[in-house]
Amino acid sequence: MSQSAPLHPDQKPDQSPAYITTPIYYVNDRPHIGHAYTTTLCDVWARAMRFAGRDVFFLTGTDEHGVKVEKSAQARGIEPQALADENAAEFQKVMKMFNLTNDDFIRTTEPRHERQVQSLVKRLLETGDVYLGEFEGWYDEGQEEYVTETKAKETDFKSPISGKPLVRANERNYYFKLSAYQDRLETLFADHPGFVKPDARRNEVLGRLRGGLQDVPITRTNFTWGIPFPGDEEHVIYVWIDALLNYATALNLADADDDRHRYWPATFHVIGKEILWFHAVIWPAVLMALELPMPGCVYAHSFWISEGKKMSKSLGNFVDLPTIERYLDVYGLDAWRWYMVNNGPLGATDADFQAAGFHETYTSDLVNTVGNCASRTTAMLGKYFDGVVPADAGCEFPGWDLKASADEAVTAWRAALEDFALDNACAAGIGLLRTVDAFINATEPFKVAKDPERQDELASTLARCIEAVRIASVMLWPVIPQRMESLWLAIGCDIDPASGDLTTQACWGDSLVGAQTEKVALFPRIDAASTPMADVAS
RNA sequence: GCCGAUGUAGCUCAGGUGGUUAGAGCGAGGGAUUCAUAAACCCUAGGUCGGAGGUUCGACUCCUCCCAUCGGCACCA
């Protein structure tokens with residue numbers, strides 16, 4: 001059997017550092033499916049890239065400042081930091097629940113972050129990109145916060161909470177000179193069409209960019225729970241600049257030298273579509289001002305809705321942590337990750353979380369395809385070869401070339417990951433298994449086995465099936481790591497994703513020949529009745 | 001209100017630059033079979049391609065208007 005490499009035969013695999021981030025999550029919220037989703041996407045990509053040999057840094061964390069946290073804490077009679085600690089712990093619990101492999105968890109109240117934010121803001125002050133100016137707007141005295149012109153108009157210039165009229169108020173604020181970056185931003189978007197993905201989101205940004213940019217205030221004085229502005233401590237650095245800079249401070253970028261600098265800039269900033277503007281426009285402008293290299297891509301996914309409706313507390317269809325835990329109990333973590341990646345809002349439209357859909361996806365993809373294909377292949381090896389993988393006898397099966405199919409799948413898988421098309425990466429993996437199924441149906445090894453004259457044919461068929469299954473498992477591992485690892489155990493192959501040798505592992509070969517295998521049932525069939533139903537009051 | 005996106009079979013979606021009977025997966029119905037987790041396989045389902053106009057010999061694909069859903073509209077993560 002030839003051992004030619006399926007991908008970039010002449011090139012070494014890309015071993016450059018890679019940096020992927022989630023937004024930092026606001027501690028005033030409780031973790032829910034949205035947080036789990038974004039973080040899981042990043043985890044899948046990070047796992048795949050590490051396996052592929054890249055030096056990956058995967059960051060997530062919490063955003064802990066701001067008026068809302070201050071008020072929530074006040075309402076409970078505790079210090080803001082205590083509230084932040086409590087909820088940050090809740091978010092960290094999520095990382096454990098989903099077996100996420102983030103390399104760091106940054107909190108904006110950490111000294112390392114605060115110190116660097118001050119230092120970076122100071123730098124902006126020195127370059128003239130931050131200046132002291134006057135801010136005027138509609139102020140809600142009851143809520144002690146400014147509301148936007150649009151919001152004010154919507155509520156007829158009255159406070160939505162107290163009903164009292166909004167007042168015109170002003171204060172001195174530090175501004176970021178966003179307007180100065182209009183041209184450079186346009187150039188950025190023109191030169192890097194992939195800077196914002198998906199395309200629909202990019203168009204939105206471009207459209208709004210055409211409308212022109214105004215400078216943006218980056219400090220507040222109406223609350224104190226935040227990072228003091230360097231040199232003018234009455235001002236607190238406003239949350240979004242505080243928050244955005246986490247991507248830099250986690251890598252100690254404000255410090256002269258650090259090991260983590262090699263990860264900069266981000267390969268992907270994965271975010272939800274609601275914070276696109278900050279990431280696609282303000283963030284790059286700030287980086288330009290700081291003279292830091294631009295990220296490769298801001299990937300803005302859409303939202304989950306639940307059972308056809310927007311998630312809301314009053315509807316009771318919020319997919320929160322306890323709900324998710326029920327799914328994990330019944331279906332297992334891998335099934336949850338598979339559903340997130342394959343049925344989620346990776347594209348421009350929102351995705352619907354449906355209990356029935358979850359069960360369907362689990363059954364058709366994982367039980368009937370991945371599980372069943374592994375099962376029938378290992379069963380035949382057990383029956384006809386006592387579980388020992390035979391050598392490929394080199395028989396020809398016109399119209400079938402599993403090696404070529406595997407190579408194609410791996411190439412497609414790689415391309416999908418470059419694009420953050422995680423669902424397509426899954427499709428490449430599972431597609432190869434469908435091909436194996438079709439191959440078995442066409443060559444009928446279970447009939448061939450009855451004829452002692454056709455042992456070569458039988459060996460050729462099953463050797464190729466199990467090798468294709470092995471390669472598919474490599475592609476599927478980032479999404480369903482637990483079950484793929486049990487598969488590896490069952491087919492006696494020694495694969496360690498941490499070794500970064502995916503290129504070797506994804507290569508068609510005969511490494512399994514002689515391996516002792518046993519029949520596996522990777523994904524148990526589950527009674528639809530035990531699917532956790534959303535508590536939708538209908 | 002403004003900007004943008006989306007609206008194609010029950011569900012999730014494909015459908016460069018307009019052109020014979022509009023596709024796939026899942027589900028559903030039927031069939032056949034056993035290597036396998038009642039799985040894989042075969043056949044079937046006839047959706048006015050959101051609505052109304054228009055351009056054209058001809059539009060799902062171009063234009064206009066309308067409707068529905070979603071995001072943003074600058075401090076709201």
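Sequence lines set the chain letters: A, B, ... in the order given, protein chains first and strands last, and positions in each chain run from 1.
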**Item:** For G25(B), the Watson-Crick or wobble counterpart (both distances under 3.5 Å)
**Value:** C11(B)
**Message:** I need a per-nucleotide contact map over nucleotides 31-41 of chain B, read 5' to 3'. Cutoff is protein heavy atoms under 4.0 Å; write B for the base, S for backbone only, - otherwise.
**Reply:** ----BBBSSSS
**Request:** Give Phe303(A) one of three labels, base, sugar-phosphate or nothing, depending on what nucleic acid heavy atoms sit under 4.0 Å from its own.
**Result:** sugar-phosphate
**Request:** Would you check if there is a donor-acceptor pair between the side chains of Asp232(A) and Tyr174(A) at a distance under 3.5 Å?
**Result:** yes
**Complete:** Residues pairing under salt bridge (charged side-chain N to carboxylate O under 4.0 Å, His left out) where one sits in residues 338-358 of chain A, two or more places apart or in two chains, turn out to be Lys273(A)-Asp350(A)
**Request:** Describe the nucleic acid contact of Gly212(A) in one word from base, sugar-phosphate, nothing, applying a heavy-atom distance below 4.0 Å.
**Result:** base
**Prompt:** Can you find a pair of side-chain heavy atoms, one from Tyr327(A) and one from Phe358(A), that are under 4.5 Å apart?
**Reply:** yes
**Complete:** residues 173-184 of chain A vs salt bridge (charged side-chain N to carboxylate O under 4.0 Å, His left out), sequence neighbours excluded, gives none
**Message:** Can you work out whether Thr363(A) or Tyr25(A) has the more 5'-proximal nearest nucleotide on RNA chain B?
**Reply:** Thr363(A)
**Pairing of Glu204(A) and Arg201(A) as salt bridge, 4.0 angstrom limit** = yes
**Of the listed nucleotides C26(B), A77(B), A5(B), the one nearest the side chain of Lys68(A)** = A77(B)
**Prompt:** Partner of A40(B) by Watson-Crick or G-U wobble geometry, both contacts under 3.5 Å, or none?
**Reply:** none
